[in-house]
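Here's the structure, in structure tokens; my notes come after.
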Amino acid sequence: MKGRKDFSQVLPFQLISITKGEGILNVNDELYPIHKGTHFILPSKVKEFSIDGDVTAIVSHLSKVLGE
């Protein structure tokens, strides 16, 4: 993705791996630098976040909560 992208989260978590590029992750007005090789988990309490930069990412999540 290029530029700023805003996201809403409705999942139990998201595991995000940056595979190319660099940018800034914004969670609750806290800024975190991200770049190729960065991996992070966004838990369900993070309802909104944004990424600004030029990055390629792999996003992993559950499509269904186990046990339901």
Side-chain angles (χ1 to χ4, degrees):
M1 71 187 80
K2 289 186 179 183
R4 180 186 166 119
K5 177 78 174 162
D6 297 317
F7 300 92
S8 294
Q9 174 161 248
V10 296
L11 301 166
F13 70 88
Q14 291 185 65
L15 171 59
I16 301 176
S17 300
I18 305 302
T19 60
K20 183 178 178 183
E22 60 184 36
I24 300 292
L25 169 67
N26 183 336
V27 178
N28 299 325
D29 295 323
E30 294 284 334
L31 303 178
Y32 304 94
I34 56 175
H35 52 83
K36 180 181 177 180
T38 301
H39 307 277
F40 54 95
I41 296 173
L42 293 171
S44 61
K45 71 179 184 176
V46 174
K47 300 299 182 192
E48 296 181 348
F49 65 96
S50 66
I51 295 177
D52 190 2
D54 185 0
V55 299
T56 301
I58 296 173
V59 180
S60 303
H61 58 84
L62 296 174
S63 59
K64 178 180 169 184
V65 177
L66 299 175
E68 287 188 358

Closest contact, heavy atoms only, L42 versus I16: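 Result for this residue pair: CD1-CD1, 3.8 Å.
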
Which heavy-atom pair separates L62 from L11 by the least distance, and what is that distance?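 For L62 and L11, the tightest heavy-atom pair comes out as O-CD2, 3.9 Å.
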
Quick one: ring-ring contact (aromatic ring centres under 6.0 Å, His included) pairs with a partner in residues 10-46, sequence neighbours left out? none

Do I18 and I24 sit in one hydrophobic cluster, given that two such residues count as connected whenever their side-chain heavy atoms are within less than 4.5 Å of each other, even indirectly?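 Different clusters.
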
Linking I/L/V/M/F/W/Y whenever their side-chain heavy atoms sit closer than 4.5 Å, directly or via other members, would L15 and L25 fall into one cluster?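 In one cluster: no.
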
Sequence neighbours excluded - salt bridge (charged side-chain N to carboxylate O under 4.0 Å, His left out) pairs with any residue from residues 6-25: R4-D6

Tell me which pairs pass salt bridge (charged side-chain N to carboxylate O under 4.0 Å, His left out) where either residue lies in residues 30-48, with sequence neighbours left out.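 Residue pairs passing salt bridge (charged side-chain N to carboxylate O under 4.0 Å, His left out), neighbours aside: none found.
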
List in chain and number order the residues that pass side chain to side chain donor-acceptor pair (under 3.5 Å) with S44, two or more places apart in sequence or in another chain; answer none if no residue qualifies. none

Validation: residues 49-58 side-chain donor-acceptor distances under 3.5 Å, sequence neighbours left out:
none

